[in-house]
Structures are given as structure tokens and as C-alpha cells.
Visitor: 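Here's a structure for you.
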Number of protein chains: 4
Amino acid sequence: MTEKQENILSAALELFAEEGFKATSTSRVAKKANVSEGLIFRHFKNKEGLLEAIIQKGEEKAKLMFADIVLETEPKEVLRKTFQIKDAMAGDEKEGAFWKLQYKLKWELERYGENKMESLKVALRNAFNKLGYEEPEEEAVNLMVLIDGLATRFYLQEGFNIDSQIEFLYRKYNI
Amino acid sequence: MTEKQENILSAALELFAEEGFKATSTSRVAKKANVSEGLIFRHFKNKEGLLEAIIQKGEEKAKLMFADIVLETEPKEVLRKTFQIKDAMAGDEKEGAFWKLQYKLKWELERYGENKMESLKVALRNAFNKLGYEEPEEEAVNLMVLIDGLATRFYLQEGFNIDSQIEFLYRKYNI
Amino acid sequence: MTEKQENILSAALELFAEEGFKATSTSRVAKKANVSEGLIFRHFKNKEGLLEAIIQKGEEKAKLMFADIVLETEPKEVLRKTFQIKDAMAGDEKEGAFWKLQYKLKWELERYGENKMESLKVALRNAFNKLGYEEPEEEAVNLMVLIDGLATRFYLQEGFNIDSQIEFLYRKYNI
Amino acid sequence: MTEKQENILSAALELFAEEGFKATSTSRVAKKANVSEGLIFRHFKNKEGLLEAIIQKGEEKAKLMFADIVLETEPKEVLRKTFQIKDAMAGDEKEGAFWKLQYKLKWELERYGENKMESLKVALRNAFNKLGYEEPEEEAVNLMVLIDGLATRFYLQEGFNIDSQIEFLYRKYNI
DNA sequence: AATGAATGAGTCTTCATTCAT
DNA sequence: GATGAATGAAGACTCATTCAT
């Protein structure tokens, strides 16, 4: 992967996350990456190919994060680590942009199955089970839904204080 | 408001909700509304003017719904009615499309302040207060965030069982 | 059919006939027709749609010409009229261009069935039959093949004297 | 001439003959020849240089064929050998493609003078003269025109029975 | 000799918008 | 109020060609 290829990838990631996939023109990506427009197509074939490449690259990072949660045995730690997803979302430009892109794409393309979340659900269900919750399955789903909501607010509602809200959840879940 | 104007409005509502604002061309709106493309601009000036008109029209419906919740004094009823937002989201084509559009636009344009939700928050805070919750403000915000998450799932995750999840919440909130 | 539409059509006809279909850019057609490039697509949908429109329009002219031959009962007159196809090929800019286009397209796109020539073959076979030729079918095909050859030379070989060659054929066929 | 150079040449020959010169991209030639695109330009300078090389290589083959006809003294044999051009057109992939390319290019680029055919005309004129035809010059031209027509049909009209047509000509010319 | 990265000009096409009628 | 013709700018993508290695 040449330097220019990397430039394209990260320029596109930021622009897609900021403006959306359709709304971002390949010419703007090229300009931001300081690259001729044609090069995008030579390397990624399509605008979609470009998107695919971005996603695939990020997916690996995501898997690592989930793996860390899934392997955790201490139930409270599972919950705590789950809430730390927020740190990824608020991470450096590239990491944060990637997570924002995930949600943007969900809404724009209605693509991206939740199946890759399945392992997280299993981990959460186990954790809630161990913690004695009566409906661990529902609790797990509920928590994941809540995280989608938090992401929505975090990315879209200017001034939303996600930290205080997460602290509240720490208290609520007693962790 | 002539019939053709209405046609344009509802055609645009559906298309914007389905495909997104940018991705929907005025020509497709015109075709779906059985109207010449020029007419859109005569009536709404802009593509954005068209969006504005849709939003404004829907806003009124939304206000009515929130008003009903805000005026409610029985705290458990406040919660129950809040969860009934789901029925609106699952409503007939136009109502459902309108709510979907709200979220789509949030992500696409990152516009639409939450201020119109402020009244709902107040109502929920009061309700949680009356119900003896220790942190009514945080509980209110938490519930609203949860609703955003539920909407995300409802619209995007094929096969998501929102009803069972809401029933779970009924139990959780003991209503 | 507005004036601009006609302009597009005849500009395209000339350019396609001169340079070929693929080699002619829609932007050059637009420029030659004094028209915005977009208009081509509004009226003809595609570059191919434009070609289709040209062909269909010319096809009618061709049918008329063949009809005149087919209805002729005097066999020598049938042959004479067949050779008059040359006058069409050498006709005014539009007519000449149309016939040239036919051959260009044959070679460029390998499209255009000969079935529309079938009626001409029948007429020629009958004529040769009446004139006592022993193999009227083969004579008919041979003459049509010869005409393809003449067209090839007429359009491509600078300085080819088609008239003297046709006069020779008049003598050969004794007409 | 290295092996890769040969690969390029024959890949280009086939593609040009199949799709036309303009319609064939250098990238497709490179792909078909299993060669980097740059190599085409290193060896042939231009896309046109590539064409030139193909033509020049083929020209030699053509000269050999014509030479055989020209040196023939028996007039009927001259005619017979002329009709055997068909065997070259129907020859193996490379030989057939080369002849098809000749005609394709005639129509696409309107290049390729007939002067290289001049020697064939002389041979035919002599033959017709010896055979006692009254207008040997015109007969010669006529036959060559006919061959262009036969080529047109052979390459473009699916199902055209060129053999039966040539047999008919054998009878007609009494050879 | 050979590659593969890189480019700039050009291709077809779509889009929001204007205007005469 | 309503149409449909018309446009200019921008969109994704392709192409012949160059150049460093």
C-alpha cells in the first residue's frame, strides 16, 4: 500500500464520515488526498470499492475491540469495557471518523448487518446472567440499543454530555 | 395548498425518507408526484425549500404528540405514552416515513436541534421525580437516548423485535 | 420535435457518419448542434438513444426507396432502380450521410441485420427470373453483394469512379 | 522482437479486429497480452505505433499472396487464385483477424490506399483480356469490387454462405 | 527490458434550476 | 398555476501516456 493510497483512504474516511458517502465527490477526495482523481479508480476500481476498502480496514480494528470484551470473564468488567466503546468513538481523527462512518452508513445505505455485534451480545448476556439479572437476554439487547442511542447523541447533538450519562449508567448498573 | 402541491410534498417525503435527501433527485420527486419538475421550484423555490416545507408540516404533528405527553399528570402514564412514540414510527406510510426522515436527516445533514425535545425531557423528569427515582434528570435523558437507539434498530435492523424490547422496558420501569 | 432536437439529430448524423459512433463525443455533437450537452440526454436518454433515433428516422426513408423497387413489374426497370441506390448514397448531406452511417455502423457495431434487404432480394430474384437468367437467386445475391462493394469503394476510395462502373454494369446486364 | 512484443502485437491484432481501433483501450491490450501497459509504449511509442506495427507485419503476408497471383500466366488460374483470397479471410485466428482488421480500419479510419491492390488489378486486367472479355479494365475493377462486397458479407452477415456464392462465380466466369 | 504508480484531459451522464409559453 | 425545453456545473469513471525504479 503506497503512501498515496493511504492518503486517499484517510481522506475518504474523513469526508465520508463528515459529509456522507453519496454527498462526497471523488474529486473532493482526490483534492484532499493531493492526488489525481484517476488514481482513486486505478487503486480502488470504484467509489464503492473505496468505501469497501475503508470499511474492511476498520473492521479489523473493531474485531480487536470486541475480542477484548468477549474474552473478559469478570461480568462487571464486561460492562465497563462495553462502555469504553465511547473512548473509541471519541478517539483520534481516524478512529473516531471510522465509528461515525459506521452509523452514517447505516442510515445512508441501510447496509451493515448487526451480526458482527452478535458476539458482543453473547458476552453481555453472560455477564448479566452472572450478575443475577432476571432477563439477561433482554438486558443485553437493551444495553446495546442504549449504546446506539448514545452514539446518535454523541455524534449529532452538539453539547451532549455523554460522560455524565455514562457515569450515570455506571451507577445504575452498579459497576 | 393545491392538490399538486400536496402530491409533491408526500412524494418527496417518501423518497427522502427512503433514499435520503441528497440522493433523491427533484426529477424523481416530480415523476412520483405526476407533476412537471418545474412546478416543484415554482412552489417551493428550492430543493431545500421543499425539505423545509415537509419538515414544517410534520413538526406540527410532532408537537401535538408531545403536547399530549406533557399535559399528562399521572407519571406512569407519561412513560407509557412516551413509549407509544413507537406506534407513530410504525404508523401509516406518511407518518412512519416522517419519523424515519427525522433520523435520516439527523445523520445526513446533522441538522435538527433537540430543542423541540426539551418539553419531553421536562415531562419525563417530572414523572421520574414523582416516581421517586434518585436522579430524575439523568433518568429522563437516559430514556430519551434509549428511544433514539430503539428507533435506530427499528428502522435499520431487519428483524429487530421492538415490541418485545418495549415490553421488557414496561417491566423494567414497572409500568 | 423541436428545432434543437432536429439540430442534434442532424449534427449527430453527420458526425457519426464522418467519425464513427464511438469516436464521436456527445460534447462535439452538442457543440455542432449549438446546444447544451445535457439536452441530448434529456431528449434521447443515451448516446445510444440518439443513434437509435437517427436510425429509425432514416429507416423510413430507406423503406420508401425499397418499396418503389419492389412494386416495379418491369424486370429491367427493377435492375435500373436498384442501381439508382447510388444516387441516394451520393445525395445531399443528410441522405448521403445516412447511407454512409449504415455501412460505418455495420463495421463498427456489427449490428444491423440484412433482413430489411430481404424484400429487395425477392424483387431482384423475380426480375432475373423473368429475364431468363438460369440462377436467379444467386444472381440476386450477387448483385446485392456487388452493391455493398460499390458502396465500400464509393465511400472509402478517393477517386473511385462509381459512375463509369455502374455504366459498365448497365451494359453487362443489358439494361 | 521479444516474446512479449509478439504477445502485444497479436493481442492488439485480435482486439482491434474484434472491437475496432478506437474502441480498444491499451489497457485491455496489455491485459490480454499479459504485459504491463507501459511496455506497449516503450516498444511502440504510441497506440498508433502499435497499429502501424501490426499493419506492416500483415502487409508482407498480403504482398506474398498477391505476388503469387501476379506471377500466374494462365488467365483462369488468375481468377481462381483471386477467389482464394476467401481462404485467407477464413484462415486461422491471426490471418483471419488481419483481413478483418483491414476492412474495419478502412471504415473506421478511412485510411489504407488501394494502391497496394494496383498490381492485382493489372493481373486481372490481363487475364480478362486473354480470356477475350471486351472491357477487361472494367471487368477487373468489377471483380475487385465484388470481392469487397463478399468480404463485407462474410465478416458481417451471420449465416452468409460465401462458398455457394463463390461457386456461382466460378460458373459465371466459366472457370 | 519491464513494471506499476501516477496524471490530466476527456467521456458519458445527472442534477438543480431557469425561463418562455 | 403548470409545463417542458433548455442550461451549466458537477458527477463518476476511462484513457493514452509518462516516469521513477
Side-chain angles (χ1 to χ4, degrees), chain A residues 1-5 7-8 21-30 33-50, chain B residues 1-5 7-8 21-30 33-50, chain C residues 1-5 7-8 21-30 33-50, chain D residues 1-5 7-8 21-30 33-50:
Chain A
M1 178 100 56
T2 70
E3 202 196 325
K4 299 218 171 187
Q5 245 176 110
N7 288 160
I8 292 170
F21 175 66
K22 284 225 171 155
T24 301
S25 73
T26 49
S27 97
R28 285 195 58 205
V29 173
N34 263 106
V35 146
S36 74
E37 203 178 347
L39 195 59
I40 294 174
F41 296 91
R42 183 152 275 280
H43 282 313
F44 304 100
K45 179 152 205 272
N46 267 22
K47 202 185 164 189
E48 259 189 62
L50 177 56
Chain B
M1 177 101 57
T2 69
E3 201 196 325
K4 299 216 169 187
Q5 261 179 90
N7 286 159
I8 292 171
F21 175 67
K22 283 231 172 154
T24 302
S25 71
T26 49
S27 100
R28 284 195 60 202
V29 174
N34 264 107
V35 147
S36 75
E37 207 177 344
L39 196 58
I40 293 174
F41 294 88
R42 167 158 274 285
H43 282 314
F44 304 100
K45 178 150 201 273
N46 261 348
K47 201 186 166 188
E48 257 187 66
L50 176 57
Chain C
M1 176 101 56
T2 70
E3 200 196 324
K4 299 217 170 188
Q5 247 176 106
N7 287 160
I8 293 170
F21 175 67
K22 286 227 172 152
T24 302
S25 74
T26 50
S27 98
R28 285 195 58 203
V29 173
N34 263 106
V35 147
S36 74
E37 204 177 348
L39 195 60
I40 293 174
F41 296 89
R42 182 152 276 282
H43 282 315
F44 303 101
K45 180 152 202 271
N46 267 14
K47 202 186 165 189
E48 259 191 60
L50 177 55
Chain D
M1 177 103 55
T2 70
E3 200 196 326
K4 298 215 171 188
Q5 258 178 94
N7 286 160
I8 292 171
F21 175 67
K22 284 230 171 157
T24 302
S25 72
T26 49
S27 101
R28 286 195 57 202
V29 173
N34 264 107
V35 146
S36 76
E37 206 177 344
L39 195 59
I40 293 175
F41 294 88
R42 166 159 273 286
H43 282 314
F44 304 100
K45 176 147 203 271
N46 262 349
K47 202 185 166 190
E48 257 187 65
L50 177 55

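Here is how names work: the chains are called A, B, and so on, in the same order as the sequence lines, proteins then strands, and each is numbered from 1. Keep in mind that the numbers below use all heavy atoms, side chains included, and drop hydrogens, waters and symmetry copies.
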Visitor: Quick one, D/Lys47 with D/Glu37, criterion salt bridge (Lys or Arg N to Asp or Glu O under 4.0 Å). Give me CA distance, side-chain angles, the key distance, then yes/no.
Guide: CA-CA 11 Å; D/Lys47 202 185 166 190; D/Glu37 206 177 344; over 6 Å; no

Visitor: Is there a Watson-Crick or G-U wobble partner for F/dC19 with both distances under 3.5 Å, and which nucleotide is it?
Guide: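 With both distances under 3.5 Å, F/dC19 matches E/dG4.
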
Visitor: For F/dA12, does either OP1 or OP2 sit under 4.0 Å from a side-chain N or O belonging to A/Asn46?
Guide: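 For F/dA12, OP1/OP2 do not have a side-chain N/O of A/Asn46 under 4.0 Å.
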
Visitor: Looking for any heavy atom pair under 4.0 Å, which part of the strands does B/Thr26 touch: base, sugar-phosphate only, or nothing?
Guide: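 Base contact.
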
Visitor: Counting only side-chain nitrogens and oxygens, does C/Thr2 get under 4.0 Å of the OP1 or OP2 atom of F/dA6?
Guide: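 Yes, within the criterion.
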
Visitor: For C/Glu3 and E/dT21, what is the distance between atoms CD and P respectively, to the nearest whole Å?
Guide: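 It works out to 13 Å between those atoms.
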
Visitor: Which nucleotide in the set F/dA16, F/dG4, E/dT3 lies at the smallest distance from any side-chain heavy atom of B/Ser36?
Guide: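 Output: F/dG4.
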
Visitor: Please report, rounded to the nearest Å, how far the C1' atom of E/dT17 is from the CZ atom of B/Arg28.
Guide: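 In whole Å, E/dT17 C1' lies 19 Å from B/Arg28 CZ.
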
Visitor: Could you tell me whether the phosphate oxygens of F/dA16, OP1 or OP2, come under 4.0 Å of any side-chain nitrogen or oxygen in D/Lys45?
Guide: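 Checking F/dA16 against D/Lys45, no side-chain N or O comes under 4.0 Å of OP1 or OP2.
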
Visitor: For residues C/Asn34 and C/Lys4, report the shortest heavy-atom separation together with the two atoms involved.
Guide: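 So the two residues come closest at O-NZ, 4.3 Å.
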
Visitor: When you get a sec, tell me which of E/dA6, E/dA2, F/dA2 is the closest nucleotide to the side chain of B/Leu39?
Guide: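 The answer is F/dA2.
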
Visitor: Given atom CZ of C/Phe21 and atom C1' of E/dT11, what is their separation to the nearest angstrom?
Guide: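 These atoms are roughly 12 Å apart.
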
Visitor: State, to 0.1 Å, how close A/Ile8 and A/Phe44 come at their nearest heavy-atom pair, and which atoms those are.
Guide: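 In terms of heavy atoms, the two residues are closest at CG2-CE1, 3.7 Å.
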
Visitor: Over all heavy atoms of both residues, which pair between D/Phe41 and D/Thr26 is shortest? Give the atoms and the distance, please.
Guide: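 Smallest heavy-atom distance, with atoms named: CZ-CG2, 3.8 Å.
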
Visitor: Which nucleotide wins on minimum distance to the side chain of C/His43, given the candidates F/dA12, F/dA5, F/dA16?
Guide: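 Of F/dA12, F/dA5, F/dA16, F/dA5 is nearest to the side chain of C/His43.
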
Visitor: With rounding to the nearest 0.5 Å, note down the distance linking NZ in A/Lys45 to CG in A/Leu50.
Guide: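 Rounded to the nearest 0.5 Å, the NZ-CG separation comes to 13.5 Å.
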
Visitor: Atom CZ of C/Phe44 and atom P of F/dA5: how far apart are they, to the nearest Å?
Guide: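 Answer to the nearest Å: 11 Å.
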
Visitor: Just how far, in rounded Å, is P of F/dG4 from NZ of C/Lys4?
Guide: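 For the pair C/Lys4 NZ and F/dG4 P, the rounded distance is 18 Å.
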
Visitor: Identify which nucleotide among F/dA6, F/dT7, E/dT13 has an atom closest to any side-chain atom of C/Val35, counting heavy atoms from C-beta outward.
Guide: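 Looking only at side-chain atoms, C/Val35 lies closest to F/dT7.
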
Visitor: If you pin B/Glu37 and D/Arg42 to their nearest nucleotides in DNA chain E, which one's is more 5'?
Guide: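 Nearest nucleotide further toward 5': that of D/Arg42.
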
Visitor: Separation of D/Lys22 atom NZ from F/dT17 atom P, in whole Å?
Guide: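 Rounding to the nearest Å, NZ of D/Lys22 and P of F/dT17 are 11 Å apart.
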
Visitor: Would you mind reading off the distance between A/Phe41 atom CZ and E/dT11 atom C1', rounded to a whole angstrom?
Guide: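 After rounding, the reported distance stands at 13 Å.
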
Visitor: Please compare D/Ser27 and A/Ala23 by the position of their nearest nucleotide in DNA chain F and report the one closer to 5'.
Guide: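 By nearest-heavy-atom nucleotide position, the 5'-most residue is A/Ala23.
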
Visitor: For C/Ser25 and for A/Gly38, find the nucleotide of DNA chain E with the closest heavy atom, then tell me which residue's nucleotide is more 5'.
Guide: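 So the residue in question is A/Gly38.
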
Visitor: For B/Lys47 and E/dT14, give me the distance from atom NZ to atom P, rounded to whole Å.
Guide: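 Interatomic distance, NZ of B/Lys47 to P of E/dT14: 15 Å.
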
